[in-house]
Amino acid sequence: MKRFLSAVALGLAVFSTAQAAIDTYEFASEAERQRYRHLVEELRCPKCQNQNIADSDAPIAMDLRAQIYRMLEEGKSDKDIVDYLVSRYGDFVLYNPPVTSRTLLLWYGPAGLLVGGFVLLGVILLRRRRVSKEAPASGLSAEEQQRLSALLNQPPLDKKD
């Protein structure tokens, strides 16, 4: 009985995830189908932010897939389709946005932070070396060293109970 209930639960779990909308488009050729797949996999969903439009179930992704299909049917090139979507949604829909004045921080910011971290680490290490060379080895002055020696050389005090 446990096995039957487990099988039913597993079946429900599998079928509940399989209810996503599936786009069924008729293409004139296999090359056009491949162009469509390439475009929907290379463009980012504006709502989901970390999924491409092929994998997203958001309503806007469904609309974008239909828009791409319509533009392919009209004979538009891949560049025309991408340019249209970029003009409408910005460079955000591209997984690899072009290097422009607006995206310089995006492209070179991580490298700048890494270089800045190494410079900061170098400055800290140089300061520590300089301080360690200037400080005396024992950390005690000559007078303090004599007092310490005198205290250590004293006979122990006997405690009487």
Side-chain angles (χ1 to χ4, degrees), residues 1-140:
M1 187 66 170
K2 281 186 177 181
R3 286 185 181 178
F4 176 72
L5 290 176
S6 297
V8 169
L10 180 62
L12 288 174
V14 168
F15 289 123
S16 67
T17 59
Q19 292 179 2
I22 299 173
D23 297 327
T24 54
Y25 297 119
E26 295 292 325
F27 295 96
S29 67
E30 186 61 30
E32 194 171 294
R33 179 186 309 278
Q34 292 301 324
R35 281 181 59 205
Y36 174 80
R37 291 300 309 161
H38 175 74
L39 285 169
V40 297
E41 288 174 357
E42 292 297 317
L43 295 169
R44 183 185 319 215
C45 175
K47 182 177 181 185
C48 301
Q49 298 183 2
N50 62 348
Q51 280 185 317
N52 57 24
I53 7 183
D55 297 334
S56 175
D57 289 329
I60 191 161
M62 291 180 212
D63 292 343
L64 289 176
R65 288 192 296 262
Q67 182 74 15
I68 290 171
Y69 175 75
R70 184 187 60 76
M71 293 174 87
L72 282 173
E73 290 294 310
E74 292 173 359
K76 304 257 178 163
S77 69
D78 290 358
K79 184 178 179 341
D80 292 338
I81 295 170
V82 170
D83 289 345
Y84 170 77
L85 293 175
V86 167
S87 70
R88 191 157 186 196
Y89 298 102
D91 287 332
F92 180 77
V93 295
L94 301 174
Y95 274 114
N96 292 320
V99 179
T100 63
S101 61
R102 293 185 332 222
T103 60
L104 283 176
L105 184 62
L106 172 70
W107 283 103
Y108 300 113
L113 287 173
L114 186 65
V115 168
F118 280 126
V119 168
L120 182 64
L121 181 65
V123 167
I124 290 171
L125 290 175
L126 287 175
R127 284 186 179 173
R128 283 190 181 177
R129 282 188 187 168
R130 190 178 312 136
V131 168
S132 67
K133 287 180 183 178
E134 294 172 0
S138 66
L140 298 175

Minimum-distance pair of heavy atoms, taken over all atoms of [X] and [Y]:
{"X": "E73", "Y": "E32", "result": "OE2-OE2, 2.9 Å"}
{"X": "V93", "Y": "P46", "result": "CG1-CG, 4.2 Å"}
{"X": "I60", "Y": "K47", "result": "CG2-CB, 3.9 Å"}
{"X": "R37", "Y": "A54", "result": "NH2-CB, 4.0 Å"}
{"X": "W107", "Y": "N96", "result": "CZ2-C, 4.4 Å"}

[atom2] on [Y] to [atom1] on [X], rounded to 0.5 Å:
{"X": "I53", "Y": "M62", "atom1": "CD1", "atom2": "CE", "result": "12.5 Å"}
{"X": "K76", "Y": "I68", "atom1": "NZ", "atom2": "CD1", "result": "13.0 Å"}
{"X": "L72", "Y": "R33", "atom1": "CG", "atom2": "CZ", "result": "12.0 Å"}
{"X": "I124", "Y": "R128", "atom1": "CD1", "atom2": "CZ", "result": "7.0 Å"}
{"X": "S77", "Y": "D83", "atom1": "OG", "atom2": "CG", "result": "7.5 Å"}
{"X": "L113", "Y": "L120", "atom1": "CG", "atom2": "CG", "result": "11.5 Å"}

Would you say that more than 12 heavy atoms from the other residues, nucleotides or ligands in this model lie under 6.0 Å from the [atom1] of [X], or not?
{"X": "R70", "atom1": "CZ", "answer": "yes"}
{"X": "L125", "atom1": "CG", "answer": "yes"}
{"X": "E26", "atom1": "CD", "answer": "no"}

Determine whether L64 and L43 satisfy the following criterion, side chain to side chain contact (heavy atoms under 4.5 Å, CB included), listing intermediate values before the conclusion. CA-CA 10 Å; L64 289 176; L43 295 169; over 6 Å; no
Apply the test side chain to side chain contact (heavy atoms under 4.5 Å, CB included) to residues D80 and M71: give CA-CA distance (whole Å), side-chain angles for both, the deciding distance (0.1 Å), then the verdict. CA-CA 9 Å; D80 292 338; M71 293 174 87; 5.5 Å; no
Main chain of [Y], side chain of [X]: is a donor-acceptor contact present, judged purely on distance under 3.5 Å?
{"X": "Y95", "Y": "E41", "result": "no"}
{"X": "R44", "Y": "F92", "result": "yes"}
{"X": "R65", "Y": "V40", "result": "no"}
{"X": "Y89", "Y": "Y84", "result": "no"}

Going through the distances and angles, do L85 and L39 end up as a side chain to side chain contact (heavy atoms under 4.5 Å, CB included)? CA-CA 11 Å; L85 293 175; L39 285 169; over 6 Å; no
Walk me through whether N52 and D55 qualify under side chain to side chain contact (heavy atoms under 4.5 Å, CB included). CA-CA 6 Å; N52 57 24; D55 297 334; 3.1 Å; yes
Parallel, tilted or perpendicular: ring planes of F27 versus Y36, cut at 30 and 60 degrees: tilted
